> 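Can you read through this structure? Questions will come right after.
Positions are given from 1 along the sequence. These figures come from a predicted structure and were not determined experimentally.
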Amino acid sequence: MSTDGDYRSAARLAVGTVALGAATLGYAVGIERRHWTLRQAELPVLAPGARPLRVLHISDLHMMPGQKSKQRWVAALGELEPDLVVNTGDNLAHPQAVPYVLRALGSLLERPGVFVFGSNDYYAPKPKNPARYLMPRGKKKRIHGNHLPWRDLRAAFVEHGWLDLTHARRTFDIDGQRIFAAGLDDPHLRRDRYNQIAGPADPAVLRVGVTHSPEPRVLDPFAADGYDLVLAGHTHGGQLRIPGIGALVTNCELDRSRARGASRWGAHMWLHVSAGLGTSPYAPARFACPPEATLLTLVPRPTPGERHQEDTPRKARSDIR
C-alpha cells in the first residue's frame, strides 16, 4: 500500500526531473550554442619533406543578420593567418545573410580559400519535428524552404579569390607548395556527381577533397583516388551529445563515432568533420557540442622507414571568446 511519503517522494522526483530538464535546455539554448570554440589538431597528411600547412576549417555558419557575437568571433579568426581556409558550406540561414557572412569572414577572404555549398546555402530552413532526426533516413520526407541567394555569396567568394570546388578539380600553390583540391555539390541533397571529378588525384604536397555532407558513398571514391584528406561539415557534431556516449545522430550515413573531429578513412586517407558554428533557427540548442572552427596543422606523413605513428591525431582545444 502506498503512503503519503511515497507520493511526496514521487512528486519531488518529478519536480526535480522537470527542473533538471529545464536547466539543461536553458544551458543548451542560452549558453553553449554561443560558446565559440577553436579546436586544433595536427594531421600527418603532407608529402614527405613538405613544410607544415595551417588550414582553417569553417563550416555550418547558418548565419542570421542579428548574430553579432558569432560575426565578431569569426572575424577574429583572421588573426590566426592560416595558409588556407576551407569552407564546407551551410553559410546561410536567412535571405539577407550574405553581407553578414562576408563581414564575419572579413580578412579571411584575403587568404587563399576553397569552398563548396550545402543545403542551407540553397534553401532557407523551415520548422521541422525534431523527432525526424531520429528516424531512418529513408523514411524522411525532404522539406525545402525558400531559395536563398547562394549565387550572390558565390560571386563574392570568387571575387575575393576563393576557388569554387563544386564538381571541380583545381591545382594551386601556397608558398611554393603545390596543392591539389577537388570537391562536390551537396551529397545531402543528392546533388553530388563524383564522376565529374573522378580519377587519380594529381601529384601534389597535399591532395584534399571537400564536401558538405560526409556520406560514405563519396568518401570511398575519394580514398580510392588517392586523396590525403577530406574535409566535411553538416553533422553539427551531433549537436546534442551525451557525455560518455557522444552523438546520437549524424543526419547522414556516417557512423556516429565520426560525427566530429578527425579519423582515418581507409588505409591512407584522413577525414575531418567540423561540428560547425551554427544551428537551424528552429533548433537553436547545443549540448556537449559547442560551436567550433578548427585550425588544422598539416605535417608530413611518416615515410616507410620511420616509426609508425598512431592513428589518433594530436589534439588541443582553446576557447576564443
> Could you walk me through whether Val249 and Leu240 pass the side-chain contact (heavy atoms from CB on, under 4.5 Å) test, one step at a time?
CA-CA 9 Å; Val249 295; Leu240 303 175; over 6 Å; no
> Would you check if Thr294 and Leu38 make a side-chain contact, meaning some heavy-atom pair closer than 4.5 Å?
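A side-chain contact is absent here, since even the closest heavy-atom pair is not under 4.5 Å.
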> Any idea which heavy atoms bring Ala293 and Leu277 closest together, and the distance?
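Minimum heavy-atom contact is N-CD2, 4.1 Å.
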> Counting N and O atoms only, with roles assigned by atom type, does the side chain of Glu215 sit under 3.5 Å from a partner on the main chain of Glu253, one being a donor and the other an acceptor?
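Yes; at least one donor-acceptor contact below 3.5 Å.
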> Which pair of non-hydrogen atoms, one from Pro221 and one from Pro216, has the smallest distance, and what is that distance?
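Closest approach of Pro221 to Pro216: CD-O, 4.4 Å.
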> Can you tell which of Leu163, Thr166, Val86, Leu229 makes a side-chain contact (heavy atoms from CB on, under 4.5 Å) with Val210?
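Per the side-chain contact (heavy atoms from CB on, under 4.5 Å) rule, the option paired with Val210 is Val86, out of Leu163, Thr166, Val86, Leu229.
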> So, Arg193 side chain and Gln196 main chain: donor-acceptor pair closer than 3.5 Å or not?
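Checked: no pair found.
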> For the side chain of Arg217 and the backbone of Pro187, is there at least one donor-acceptor N/O pair under 3.5 Å apart?
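Pair found, side chain donor or acceptor close to backbone of Pro187.
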> Starting at CZ of Phe287, measure out to CD of Glu32 and round the result to the nearest 0.5 Å.
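One finds 7.0 Å between CZ of Phe287 and CD of Glu32.
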> Report the distance from atom CD of Glu81 to atom CG of Leu108, rounding to the nearest 0.5 Å.
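Rounded to the nearest 0.5 Å, the CD-CG separation comes to 10.5 Å.
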> For the residue pair His62 and His236, categorise the inter-ring angle as parallel (less than 30°), tilted (30 to 60°) or perpendicular (more than 60°).
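Ring orientation, 0 to 90° scale: perpendicular.
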> Going by heavy atoms in the side chains, are Ile58 and Leu105 under 4.5 Å from each other?
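Touching, per the 4.5 Å side-chain cut-off.
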> Would you call the rings of His188 and His234 parallel, tilted or perpendicular if under 30° counts as parallel and over 60° as perpendicular?
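Plane angle between 30° and 60°, so tilted.
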> CD/Gln96 to CE/Met63 distance, rounded to the nearest 0.5 angstrom?
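Reported value, rounded in 0.5 Å steps: 14.5 Å.
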> Pairs in or reaching into residues 155-177: which pass salt bridge (Lys or Arg N to Asp or Glu O under 4.0 Å), with residues at least two apart or in two chains?
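Listed by first then second residue: Arg154-Asp164, Arg169-Asp202, Asp173-Arg178.
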> Please examine the side chains of Arg241 and Arg260, heavy atoms only from C-beta on, and report whether any two atoms are closer than 4.5 Å.
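Touching, per the 4.5 Å side-chain cut-off.
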> Begin from the C-alpha positions of Tyr227 and Asp225 and carry the test side-chain contact (heavy atoms from CB on, under 4.5 Å) through to its verdict.
CA-CA 6 Å; Tyr227 287 80; Asp225 280 340; 3.8 Å; yes
> Side-chain contact test, heavy atoms from C-beta onward, threshold under 4.5 Å: evaluate it for Leu53 versus Gln177 and give yes or no.
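Of all side-chain heavy-atom pairs linking Gln177 with Leu53, at least one is under 4.5 Å.
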> Using only atom types and a distance under 3.5 Å, with no angle test, would you say the side chain of Gln71 pairs donor to acceptor with the backbone of Met64?
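Confirmed, Gln71 side chain pairs with Met64 backbone.
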> May I ask you to test the Pro44-Pro300 pair for a side-chain heavy-atom distance under 4.5 Å?
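The answer is no, as the side chains (C-beta and beyond) never meet within the 4.5 Å cut-off.
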> Do Leu298 and Trp270 belong to the same hydrophobic cluster, where Ile, Leu, Val, Met, Phe, Trp and Tyr are linked whenever their side-chain heavy atoms lie under 4.5 Å apart, directly or via other members?
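Same cluster: Leu298 reaches Trp270 through Ile, Leu, Val, Met, Phe, Trp or Tyr contacts under 4.5 Å.
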> Examine distances only and state if a side-chain atom of Arg301 and a backbone atom of Leu46 form a donor-acceptor pair shorter than 3.5 Å.
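Confirmed, Arg301 side chain pairs with Leu46 backbone.
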> Do side-chain atoms of Glu42 reach the backbone of Val299 as a donor and acceptor pair under 3.5 angstrom?
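Here the side-chain-to-backbone pair does not exist.
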> Say whether Tyr100 and Leu61 are linked into one hydrophobic cluster, either directly or through other cluster members, by side-chain heavy-atom distances under 4.5 angstrom.
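Yes.
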> Mind checking whether Phe180 and Phe172 have ring centres under 6.0 Å apart?
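For Phe180 and Phe172, the ring centres are not under 6.0 Å apart.
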> Hydrogens and angles aside, do Ser263 and Arg258 bring a side-chain donor and acceptor to less than 3.5 Å of each other?
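Checked: Ser263/Arg258 side chains pair up, N/O donor to acceptor below 3.5 Å.
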> Starting at CZ of Arg54, measure out to CG of Leu84 and round the result to the nearest 0.5 Å.
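So the gap between those two atoms works out to 12.0 Å.
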> Taking side chain as C-beta onward, heavy atoms only, is Asp192 less than 4.5 Å from Asp185?
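Asp192 does not reach Asp185 side chain to side chain.
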> Of all the heavy-atom pairs spanning Asp83 and Ile174, show the shortest one and how long it is.
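Distance-wise, the nearest heavy atoms are O-CD1, 3.6 Å.
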> Show me the pairs that pass salt bridge (Lys or Arg N to Asp or Glu O under 4.0 Å) and involve residues 56-76, at least two apart or across chains.
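For residues 56-76: none.
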> Before giving the answer on side-chain contact (heavy atoms from CB on, under 4.5 Å), spell out for Val116 and Thr211 the whole-Å C-alpha distance, their side-chain angles and the decisive distance to 0.1 Å.
CA-CA 7 Å; Val116 295; Thr211 180; 5.6 Å; no
> Taking the basic N atoms (NZ, or NE/NH1/NH2) and the acidic carboxylate oxygens, is any pair closer than 4.0 Å for Arg207 and Asp228?
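A salt bridge is present here (some side-chain N lies under 4.0 Å from a carboxylate O).
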> Drop me the distance from Leu80's CG to Leu56's CG, to the nearest 0.5 angstrom.
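Answer rounded to 0.5 Å: 6.5 Å.
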> Could you tell me whether a side-chain N or O of Arg33 sits under 3.5 Å from a main-chain N or O of Pro284, the two making a donor and an acceptor?
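Judged by distance alone, yes, a pair lies under 3.5 Å.
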> Between Ser59 and Ser274, is there a side-chain donor-acceptor contact under 3.5 Å, judged purely by atom types and distance?
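The answer is no; no qualifying pair exists.
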> Which pairs, with at least one residue in residues 98-125 and sequence neighbours excluded, count as a salt bridge (Lys or Arg N to Asp or Glu O under 4.0 Å)?
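Every pair satisfying salt bridge (Lys or Arg N to Asp or Glu O under 4.0 Å) with a residue in residues 98-125: there are none.
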> State which residues pass side-chain hydrogen bond (donor to acceptor under 3.5 Å, both in side chains) with Asn87; sequence neighbours excluded, sorted by chain then number.
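Partners of Asn87 by the side-chain hydrogen bond (donor to acceptor under 3.5 Å, both in side chains) criterion, ordered by chain and then number, come out as Asn91.
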> Nearest heavy-atom pair of Val205 and Ala50: which atoms, and what distance?
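For Val205 and Ala50, the tightest heavy-atom pair comes out as CG1-CB, 3.4 Å.
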> Can Glu292 and Trp36 be said to form a side-chain contact (heavy atoms from CB on, under 4.5 Å), step by step?
CA-CA 6 Å; Glu292 68 177 44; Trp36 318 114; over 6 Å; no
> Given the rule that I, L, V, M, F, W and Y join up when any side-chain heavy atoms are under 4.5 Å apart, are Ile197 and Met269 in one cluster?
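Linked, Ile197 and Met269 end up in one cluster.
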> What is the minimum heavy-atom distance between Thr88 and Ala232, and which atoms define it?
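Reported closest heavy-atom pair: OG1-C, 3.8 Å.
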> For His212 and Ser119: C-alpha separation, side-chain torsions, deciding distance, then whether side chain to side chain donor-acceptor pair (under 3.5 Å) applies.
CA-CA 9 Å; His212 177 63; Ser119 58; 4.9 Å; no
> Any donor and acceptor pair, going by atom type alone, linking the side chain of Gln40 with main-chain N or O of Leu296 inside 3.5 Å?
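It does not hold such a pair.
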> Measure across Leu295 and Pro82 and return the closest heavy-atom pair with its distance rounded to 0.1 Å.
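So the minimum-distance heavy-atom pair works out to CD1-CB, 4.4 Å.
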> Scan side-chain atoms only and decide if Tyr122 and Asp90 contain a donor-acceptor pair under the 3.5 Å cut-off.
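The answer is no; no qualifying pair exists.
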> Give the cluster check for Val98 versus Val158: same hydrophobic cluster or not, with ILVMFWY residues linked at side-chain heavy-atom distances below 4.5 Å.
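Both belong to a single hydrophobic cluster.
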> I want to check something: taking the side chain as every heavy atom from C-beta on, are Thr37 and Pro291 in contact at a cut-off of under 4.5 Å?
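A side-chain contact under 4.5 Å is absent here.
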> Please name all residues satisfying ring-ring contact (aromatic ring centres under 6.0 Å, His included) with Phe117, sequence neighbours left out, ordered by chain then number.
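So Phe117 forms a ring-ring contact (aromatic ring centres under 6.0 Å, His included) with Phe115.
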> Determine yes or no for a side-chain-to-main-chain donor-acceptor pair under 3.5 angstrom, with Thr250 supplying the side chain and Cys252 the backbone.
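Between the backbone of Cys252 and the side chain of Thr250 there is a qualifying donor-acceptor contact (under 3.5 Å).
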> Tell me which one of Leu184, Leu219, Val273 satisfies side-chain contact (heavy atoms from CB on, under 4.5 Å) with Val230.
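The residue from Leu184, Leu219, Val273 that satisfies side-chain contact (heavy atoms from CB on, under 4.5 Å) with Val230 turns out to be Leu219.
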> Give the cluster check for Tyr194 versus Val208: same hydrophobic cluster or not, with ILVMFWY residues linked at side-chain heavy-atom distances below 4.5 Å.
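Different hydrophobic clusters.
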> Can you sort out the partners of Tyr123 under side-chain hydrogen bond (donor to acceptor under 3.5 Å, both in side chains), two or more places apart, ordered by chain and number?
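In terms of side-chain hydrogen bond (donor to acceptor under 3.5 Å, both in side chains), with neighbours along the sequence ignored, Tyr123 is linked to no residue.
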> Could you tell me the separation between the CD atom of Gln239 and the OG1 atom of Thr279, rounded to the nearest 0.5 Å?
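The distance works out to 5.5 Å.
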> Heavy atoms, side chains only, cut-off 4.5 Å: are Asp220 and Val218 in contact?
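No, every pair of side-chain atoms sits at 4.5 Å or beyond.
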